[in-house]
There are 2 protein chains.
Amino acid sequence: MRKRQNCSLLGFAQHDHKRCVSAGLKVADVYCQKHKLRLTTVRRRTLSILLESHTALGAYDVLARLREEGLGSEPPVAYRALGFLLENGFIHRIERLNAYVACSHPGALHNPAFLICSDCRAVAESTVATTTGTLNRQARESGFQIEHTTIEAEGQCPSCQQANQ
Amino acid sequence: MRKRQNCSLLGFAQHDHKRCVSAGLKVADVYCQKHKLRLTTVRRRTLSILLESHTALGAYDVLARLREEGLGSEPPVAYRALGFLLENGFIHRIERLNAYVACSHPGALHNPAFLICSDCRAVAESTVATTTGTLNRQARESGFQIEHTTIEAEGQCPSCQQANQ
DNA sequence: CTTGTAGTGATATAACATAACATTTTTACG
DNA sequence: CGTAAAAATGTTATGTTATATCACTACAAG
Ligand SMILES: [Zn+2]
Ligand SMILES: [Zn+2]
Ligand SMILES: [Zn+2]
Ligand SMILES: [Zn+2]
């Protein structure tokens, strides 16, 4: 009898979080070198700020951190860095929160689904991104061409459930 | 051999649109009477503004219309009316657009998926709202309690595809 | 009629995002 | 190297979306 694998989602599970940060930065470094992209100081620091938490941060939260460190003080600085990181799949945007979160499975562009805690903004990223067959069928039948699908499930993460019980 | 039913989604299909407006208002009238809710002038007009198009309108778009008609000129007027209509399931919020759309299947609270045209903001509402089994399983296994799921597919509606070909 | 509740009016401000243009840094190439 | 083009950054201003707060009004219940 095989032991059931623990496949709880990163973000809600206990884990060695320093590895998330270092691994995420490493992947970005390698990817950028390979694709001749410039992971500048601001961009790299923006990524590490997001990697340091598995929660969604607003652009102005990021900007505040950058400002403290003398890396820029005006909104475009943060939005440019976030834009670069989004384009290259290192971070994702959480539409419900107008906020940004580091990718948990970096290395390739992809289109994940998210589980978002409405209390603490913790975010877990699922690799499952496809819509249900029914929605796809309805789209096809009505002639709608789907280009991108956003799936965001909101609720309570394990620790906030305990805290609020 | 049974004829294939045309189940193209309202919003992209040709239809008698005056009926959408009158039916939507009627449902709201009845529902509010039954539940002792007050569908005031501003609320009712806000609903009809959204019913008049199957596209998503921003709060400030709605406000502009209300202002023209002397029904209110400051943001809270629109946001309060939209809030009431959202709470009672007469309209939905499109997160990707920070915009609002009248419900196509009014009468009960529900949690639909949307097909959103990125060119013209036309929105079709699908009754299919459940996430994929896999996402639900992942949530359960990691102890996350899903309360609400947003599914928004963005792409091109039939007429915009023709226009851009 | 009076008292509580729900709804509105009005002002201000918070939060999120981009346009536009000047300047600096980096890269590419002769 | 020197220099021109491209990419990134600095800076100012403004646009867009949303909420807090407090005063006032309408209205239903007792
Ligand atoms: Zn981590
Ligand atoms: Zn939480
Ligand atoms: Zn219609
Ligand atoms: Zn369209």
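Both backbone and side-chain heavy atoms feed into the values below; hydrogens, waters and symmetry mates do not. The chains referred to below are lettered A, B, ... by the order of the sequence lines, with proteins before strands, and numbering in each begins at 1.
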Worksheet item: What is the nucleic acid contact for A:F84, judged by heavy atoms within less than 4.0 Å: base, sugar-phosphate only, or nothing?
Response: nothing
Fill in: Among C:dA17, D:dT9, D:dC27, the one nearest A:N98 by side-chain distance
C:dA17
Worksheet, complete the sentence: Taken to the nearest whole Å, CD1/A:I94 to P/C:dA17 is 12 Å
Fill in: d(OH, B:Y79; C1', C:dG9) in whole Å
18 Å
Discussion item. Please determine whether a side-chain nitrogen of the Lys or Arg among B:E52 and B:R45 lies less than 4.0 Å from a carboxylate oxygen of the Asp or Glu.
Written reply: yes
Item to complete: Would you tell me if any nitrogen or oxygen in the side chain of B:Y100 comes within less than 4.0 Å of OP1 or OP2 on D:dA18?
Response: yes
Item to complete: Return the value, rounded to whole Å, for the distance between atom CZ of B:R45 and atom C1' of C:dT8.
Response: 19 Å
Practice prompt. Check if the side chain of B:R80 and the base of C:dG9 share a donor-acceptor pair of N or O atoms closer than 3.5 Å.
Written response: yes
Worksheet item: Per the atom types in the model, does the base of D:dA18 pair as donor or acceptor with the side chain of B:Y60 at under 3.5 Å?
Response: yes
Item to complete: Find the distance A:L86:CG to C:dA17:P and express it as a whole number of Å.
Response: 10 Å
Worksheet item: Quick one: is D:dA18 close enough that its OP1 or OP2 comes under 4.0 Å of any side-chain N or O from B:R93?
Response: yes
Item to complete: Output the distance between atom CG (A:L50) and atom SG (A:C20), rounded to the nearest 0.5 Å.
Response: 13.0 Å
Worksheet item: Has B:R43 got a side-chain N or O lying under 4.0 Å from the OP1 or OP2 atom of C:dG7?
Response: yes
Worksheet entry | Nearest-nucleotide pick for B:P76, side chain only, options being C:dT8, D:dG10, C:dA10 | C:dA10
Worksheet item: Choosing from C:dG9, C:dA17, C:dT11, which nucleotide comes nearest the side chain of B:V77?
Response: C:dG9
Item to complete: Would you give the length of the straight line joining atom CD of A:E74 to atom CG of A:L63, rounded to the nearest 0.5 angstrom?
Response: 7.5 Å
Fill in: Rounded distance in Å - CG (A:L82) to P (C:dA17)
9 Å
Worksheet item: CZ of A:R44 versus P of D:dA8: gap in Å, rounded?
Response: 17 Å
Item to complete: Assert yes or no for the condition that the ring centre distance of A:H92 to A:H110 is strictly below 6.0 Å.
Response: yes
Worksheet item: Looking at A:T40, does any N or O in its side chain come under 4.0 Å of the phosphate oxygens OP1/OP2 on D:dT9?
Response: yes
Fill in: Value in whole Å for how far the P atom of D:dG15 lies from CG of B:D61
16 Å
Practice prompt. Send over the distance from A:Q33 CD to C:dT27 P, rounded to a whole Å.
Written response: 12 Å
Worksheet item: Going by atom types alone, do B:E95 and B:T150 pair a side-chain donor with an acceptor below 3.5 Å?
Response: no
Fill in: Which nucleotide in C:dA6, C:dG9, C:dA17 has an atom nearest any side-chain atom of B:R38
C:dA6
